[in-house]
Number of protein chains: 2
Amino acid sequence: MAQTQTIFIIDDQESVRSALAEMLSVFGYNVETFESADDFLGKLDGERSGCIVADVRMPGTDGIELTRELARRQVGLPVVLISGHGDVPMAVAAIKAGAEDFIEKPVDDIQLVAAINRGLSHTTERLAQSQSLQSLKERFGRLTRREAEVFDLVVQGFTSQGIGAQLDISPRTVESYRVQIMEKMQAESVAVLVRFAVRLGRITP
Amino acid sequence: MAQTQTIFIIDDQESVRSALAEMLSVFGYNVETFESADDFLGKLDGERSGCIVADVRMPGTDGIELTRELARRQVGLPVVLISGHGDVPMAVAAIKAGAEDFIEKPVDDIQLVAAINRGLSHTTERLAQSQSLQSLKERFGRLTRREAEVFDLVVQGFTSQGIGAQLDISPRTVESYRVQIMEKMQAESVAVLVRFAVRLGRITP
DNA sequence: AAAAAACTGCGTAATTTTACCCATGTATCG
DNA sequence: CGATACATGGGTAAAATTACGCAGTTTTTT
């Protein structure tokens with residue numbers, strides 16, 4: 001259960017990467033470094049757990065954009081942003097984007113470690129959630145167009161008859177789809193299916 | 001339905017209050033001023049809607065503490081914080097506390113108005129949402145103990161038989177409760193009931 | 001204390017959903 | 001062209017839900 005936590009250091013400057021990696025290693029963290037956000041995103045496998053420490057200003061995707069992208073992808077990893085020339089509007093944007101903290105250089109080791117630990121304490125749950133969400137999305141993706149249509153109507157509470165009327169097909173056919181849907185989604189009841197739909201954002205709770 | 005929106009200006013300096021009030025009045029807002037956060041909190045009646053514009057540094061409760069206090073009390077009013085000597089850590093604390101924005105002096109009118117409007121648009125949604133949630137809670141509150149038990153099991157996907165077995169009562173009886181539950185909750189299908197349950201926080205989506 | 005309301009429980013019948021089977025036509029892809 | 005996936009439709013029987021009615025026991029209200 002206790003998966004290894006890794007600190008992902010993302011900075012375009014080699015000197016900063018190695019300094020941070022050295023420092024965090026001393027504190028006992030398992031560290032990996034990346035020279036750009038895009039490099040990191042490309043190697044993201046969704047299986048890893050830990051905390052990201054990234055510079056705000058970088059060529060390509062910057063730290064704040066990275067944070068937004070991770071949120072958009074519903075990756076549960078917390079992000080601690082570091083800035084050399086940070087100003088208030090940038091800090092506001094960073095936190096609004098969902099960053100765990102925004103730290104100015106020169107970095108205070110204690111402050112950084114504290115931020116990382118705050119992030120790590122939230123990460124495990126979020127990761128588990130995002131993994132199961134990933135699995136859900138895959139299962140939903142296996143539904144055919146028609147099945148997805150029926151799915152949406154089922155979780156809205158329509159009966160097979162009503163769905164058949166709306167799609168102008170036989171209720172029997174709808175029931176065939178329902179069976180397929182329940183199987184593919186691995187839902188043993190409509191109630192579970194509705195919760196899946198909520199998690200998938202296909203209906204608002 | 002469309003309630004009057006008010007901008008609540010909170011600043012210990014009279015000159016700032018009047019200047020902001022004057023400026024926002026020109027932009028067509030309905031404005032009220034308070035000379036301290038505690039003054040404002042004392043006069044909060046919970047019926048008002050709008051947006052708070054507060055200075056960060058004030059005698060007594062400061063702007064960030066005010067923001068936290070409002071969050072704690074679950075007041076839906078958005079807060080735009082203004083700071084004369086703002087720094088990055090303060091901005092981080094402000095946004096983490098839930099402030100809509102953190103603006104440095106000298107205040108850019110356009111920026112302030114933009115932040116206020118963002119806040120107001122959130123207020124409206126939150127208000128509508130909290131109202132319908134309120135209604136849901138009331139309806140749920142009308143369920144008897146037994147009905148609430150059955151409710152929880154139904155939205156978890158158990159069948160009447162399964163529920164009867166768990167509660168050690170006849171499946172027929174369970175169905176009686178189901179009818180009552182559907183009526184009281186005003187849900188026309190199990191799917192809708194499950195969504196209600198999610199909104200009520202009785203099940204995790 | 002009497003009346004009203006609410007909680008709890010069950011039965012029957014009609015409707016709906018599930019669980020198994022199955023077949024046909026179309027489109028797509030190697 | 002054959003294999004495969006998709007959309008469509010069906011039958012039957014079991015299981016589940018819904019609708020409607022009824023009754024004893026608590027609790028609340030008047």
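Since the model is a prediction, treat every value here as computed from it, not as a measurement. Below, chains carry the letters A, B, ... as their sequence lines are ordered, and counting in each starts from 1.
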Please tabulate, for side-chain N and O atoms in residues 161-178 of chain B, each donor-acceptor pair with protein atoms closer than 3.5 Å (sequence neighbours left out).
{"unit_1": "B:Ser170", "atom_1": "OG", "unit_2": "B:Arg172", "atom_2": "N", "d": "3.0"}
{"unit_1": "B:Ser176", "atom_1": "OG", "unit_2": "B:Arg172", "atom_2": "O", "d": "3.3"}
{"unit_1": "B:Arg178", "atom_1": "NH1", "unit_2": "B:Ser160", "atom_2": "OG", "d": "3.1"}

Atom-to-atom span, [atom1] of [X] to [atom2] of [N] - whole angstrom:
X        : N      : atom1 : atom2 : answer
A:Glu183 : C:dA19 : CD    : P     : 9 Å
B:Phe151 : C:dT8  : CZ    : C1'   : 20 Å
B:Arg142 : C:dA5  : CZ    : P     : 16 Å
B:Leu193 : D:dT17 : CG    : C1'   : 13 Å
A:Arg178 : C:dT16 : CZ    : C1'   : 9 Å
B:Leu167 : C:dT8  : CG    : C1'   : 12 Å
A:Leu143 : D:dC6  : CG    : C1'   : 13 Å
B:Glu188 : C:dT16 : CD    : P     : 15 Å

Quiz item: cation-pi between A:Arg202 and A:Phe140, 6.0 Å / 45°
no
Within a radius of less than 6.0 Å around CD of A:Glu149, do more than 12 heavy atoms belonging to other residues, nucleotides or ligands occur?
yes
Heavy-atom count around A:Lys137 NZ within 6.0 Å, excluding the residue itself: above 12?
yes
Taking only the side-chain nitrogens and oxygens of [X], find out if one of them lies under 4.0 Å from OP1 or OP2 of [N].
X        : N      : result
A:Gln161 : C:dT16 : yes
B:Arg145 : C:dC7  : no
B:Lys184 : C:dA6  : no

Roughly how far apart are A:Lys184 NZ and A:Thr144 OG1, rounded to 0.5 Å?
5.5 Å
Within the structure shown, what part of the strands sits under 4.0 Å from A:Val190 by heavy-atom distance: base, sugar-phosphate, or nothing?
sugar-phosphate
Filter on ring pair (Phe, Tyr, Trp, His ring centres under 6.0 Å), then keep only pairs touching residues 36-64 of chain B, sequence neighbours left out; what's left?
B:Phe8-B:Phe40, B:Phe34-B:Phe40
Is there any protein nitrogen or oxygen under 3.5 Å from a nitrogen or oxygen in nucleotides 9-12 of chain C, and what are the pairs?
{"unit_1": "C:dG9", "atom_1": "OP2", "unit_2": "B:Arg146", "atom_2": "NE", "d": "3.4"}
{"unit_1": "C:dG9", "atom_1": "OP2", "unit_2": "B:Tyr177", "atom_2": "OH", "d": "3.2"}
{"unit_1": "C:dC10", "atom_1": "OP2", "unit_2": "B:Ser170", "atom_2": "N", "d": "2.8"}
{"unit_1": "C:dC10", "atom_1": "OP2", "unit_2": "B:Thr173", "atom_2": "OG1", "d": "2.7"}
{"unit_1": "C:dC10", "atom_1": "N4", "unit_2": "B:Ser176", "atom_2": "OG", "d": "2.4"}

Just by distance, with hydrogens left out, do B:Gln5 and B:Ser49 show a side-chain donor and acceptor under 3.5 Å apart?
yes
